[in-house]
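Being a predicted model, the structure only gives us computed values, none of them experimental. In the text below, chain A, chain B and the rest are named by the order of the sequence lines, each starting its count at 1.
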2 protein chains.
Amino acid sequence: MYFQSEPLIKSSTLVARSYAQHCGLARALDFVGERWTLLIVRELMAGPRRYTDLADGLMTIPSNLLATRLREMEANGLIARRRLPAPASSVVVYELTDDGESLSTAVIELARWGMRTLPVTTGGRPLRAHWLVLALHARFDPRAAAGVSESYELQLDGEEPVSFEVTAGDGHARMGPAADPAVRIAGDADTLVALTAGTISGLEAVHRGARIEGDPAALERMRRILPGGPIAASGQPVAQAR
Amino acid sequence: MYFQSEPLIKSSTLVARSYAQHCGLARALDFVGERWTLLIVRELMAGPRRYTDLADGLMTIPSNLLATRLREMEANGLIARRRLPAPASSVVVYELTDDGESLSTAVIELARWGMRTLPVTTGGRPLRAHWLVLALHARFDPRAAAGVSESYELQLDGEEPVSFEVTAGDGHARMGPAADPAVRIAGDADTLVALTAGTISGLEAVHRGARIEGDPAALERMRRILPGGPIAASGQPVAQAR
DNA sequence: CCGCATCCGATGTGATACTG
DNA sequence: CAGTATCACATCGGATGCGG
């Protein structure tokens, strides 16, 4: 493993830069510490996606970087590229391998940490439906879900619905409509964010244009099981002088 | 917030590059996604440290990058710089704020993920004692610790000992010797890694030069409570062609 | 269109040297 | 000891091109 094949071809940095420390965190960052890599994992946590879907979901990633990252992640065993079967052949999709999937607990914890400082209004930042798969997992509170078995459906205007299914203390989010949701909510991003964050009531959400169907009691359970809202955000800026 | 103060002073990129997405993961990476940042968190999880301690623990970080990262992390509220009190004044130490400390669950999960592919031999990679604070937290299995209340002490040759205290299903690692350890183990890095990974026995470790004191049964409990070893590492390389 | 590759300016990183 | 300063270079970001 100390030698690479074809060592003379262009010879441009064949070895990704590594921290080279015998430490689990350093090793993890060797694999997923580079820019965009964990966001690609986030995209694929919503299911297999094609190249253009990824570019669209990542919004501002340069095309060459996306191609490079996908190559790296495939070489590192995090993702697999696959051709779709019979009719839609020639279509390539990327999906998480088991190793890549096993990142989700760490990714969820990171998202949970980052969510604390997310304002309850999107404030110009885009919000895509499939990001909710991660967000709902991060928000899930198993204690509040004890004894509950029902599902919820959220739909951002113009996007595919997302469903969250609670089964006996366990919870799981995925793309697509729920079979028989206890509550179904549709509306624009800011209204859904505020509603699930608990800063506005269901009535207020409807007043803002949201469509809510189902049991009002189930809506309250959903807000306890999937609590949101910034946890007394310290309001620190990301920006600073160099 | 659209205008920065002092816009004319050197004017070099006052805004750190941000993903600018309404997503908890993207926000987390805005704060801790840049190179070296999470490793600095790792260093400080072992307690307050001075600049040169950090430079030493990070091993290969350029001095200017360390200074830059510390400035960024302080501006973002992750760490605080503090002068030591009375006698040793003029000594500056860095420590995690509550916000920085709250990263530990995510950091531990990332480390747990990365540890799977760490070989059971250090293979030339350095291993520092204070990294064990994170490693032991990542290895801790609460289920195996149920009903156990005792502490263990590990010491890498020539370094400060690290202790792990189990109290009724809960576990915590910190720098420094344990008060009354059920087991005390000292030895070189590869021996301690192999012993805690379960690939060699205590007898074999002693044969390799380790010093083990205490109850052999407690050593077995420790190996169950702090299990190690790569979880069928898929052996994928970090390196790949560009 | 989809799935990239190429080009290029701006920025970040790494190694070394230097300073209060 | 606790950082700055400098500089070569790798990487990133944005635009554009291009074969299938």
Measuring to OP1 and OP2 of [N], would you say a side-chain N or O of [X] lies under 4.0 angstrom away?
| X | N | answer |
| --- | --- | --- |
| R35(A) | dT11(D) | no |
| R81(A) | dC4(C) | yes |
| R71(A) | dA5(C) | yes |
| W36(A) | dC12(D) | no |
| Y94(A) | dC2(C) | no |

(message) I'd like to know if the side chain of S151(A) reaches the main chain of F164(A), judged simply by a donor and an acceptor atom lying under 3.5 Å from each other, with no hydrogens or angles considered.
(response)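 Answer holds: no.
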(message) Could you check whether R139(B) and T196(B), counting side-chain N and O atoms only, form a donor-acceptor pair closer than 3.5 Å?
(response)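 Yes - a donor-acceptor pair under 3.5 Å links their side chains.
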(message) Can a side-chain donor-acceptor contact be found between D190(A) and T121(A) if the only test is distance below 3.5 angstrom?
(response)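 No, D190(A) and T121(A) have no side-chain donor paired with an acceptor closer than 3.5 Å.
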Could you tell me the separation between the [atom1] atom of [X] and the [atom2] atom of [N], rounded to a whole number of Å?
| X | N | atom1 | atom2 | result |
| --- | --- | --- | --- | --- |
| D56(A) | dG3(C) | CG | P | 12 Å |
| L54(A) | dC4(C) | CG | C1' | 13 Å |
| R50(A) | dC1(C) | CZ | C1' | 9 Å |
| R83(A) | dG3(C) | CZ | C1' | 10 Å |
| R69(A) | dT11(D) | CZ | P | 9 Å |
| I61(B) | dT13(C) | CD1 | P | 10 Å |
| E34(B) | dT11(D) | CD | P | 16 Å |
| L58(A) | dG13(D) | CG | C1' | 14 Å |

(request) Could you please name the option among dA5(C), dG3(C), dT13(C) that lies closest to any side-chain atom of T52(A)? (result)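 Output: dG3(C).
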(request) Give the nucleotide from the list dG14(C), dG13(D), dT4(D) with an atom nearest to the side chain of A67(B). (result)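 Of the candidates, dT4(D) comes closest.
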(message) On DNA chain D, does the nearest nucleotide to L65(A) precede the nearest nucleotide to N64(B) from the 5' side, or the other way round? Give the residue.
(response)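 It is N64(B) whose nearest nucleotide is closer to the 5' end.
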(request) Assign S63(A) to base, sugar-phosphate, or nothing according to its heavy-atom contacts below 4.0 angstrom with the strands shown. (result)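 S63(A): base contact, heavy atoms under 4.0 Å.
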(request) For residues V41(A) and M73(A), determine if any side-chain heavy atom of one lies less than 4.5 Å from a side-chain heavy atom of the other. (result)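 The answer is yes, as the side chains (C-beta and beyond) meet within the 4.5 Å cut-off.
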(request) Output, in order, the C-alpha distance, side-chain angles, deciding distance and verdict of side chain to side chain donor-acceptor pair (under 3.5 Å) for T60(A) and Y19(B). (result) CA-CA 8 Å; T60(A) 61; Y19(B) 290 110; over 6 Å; no
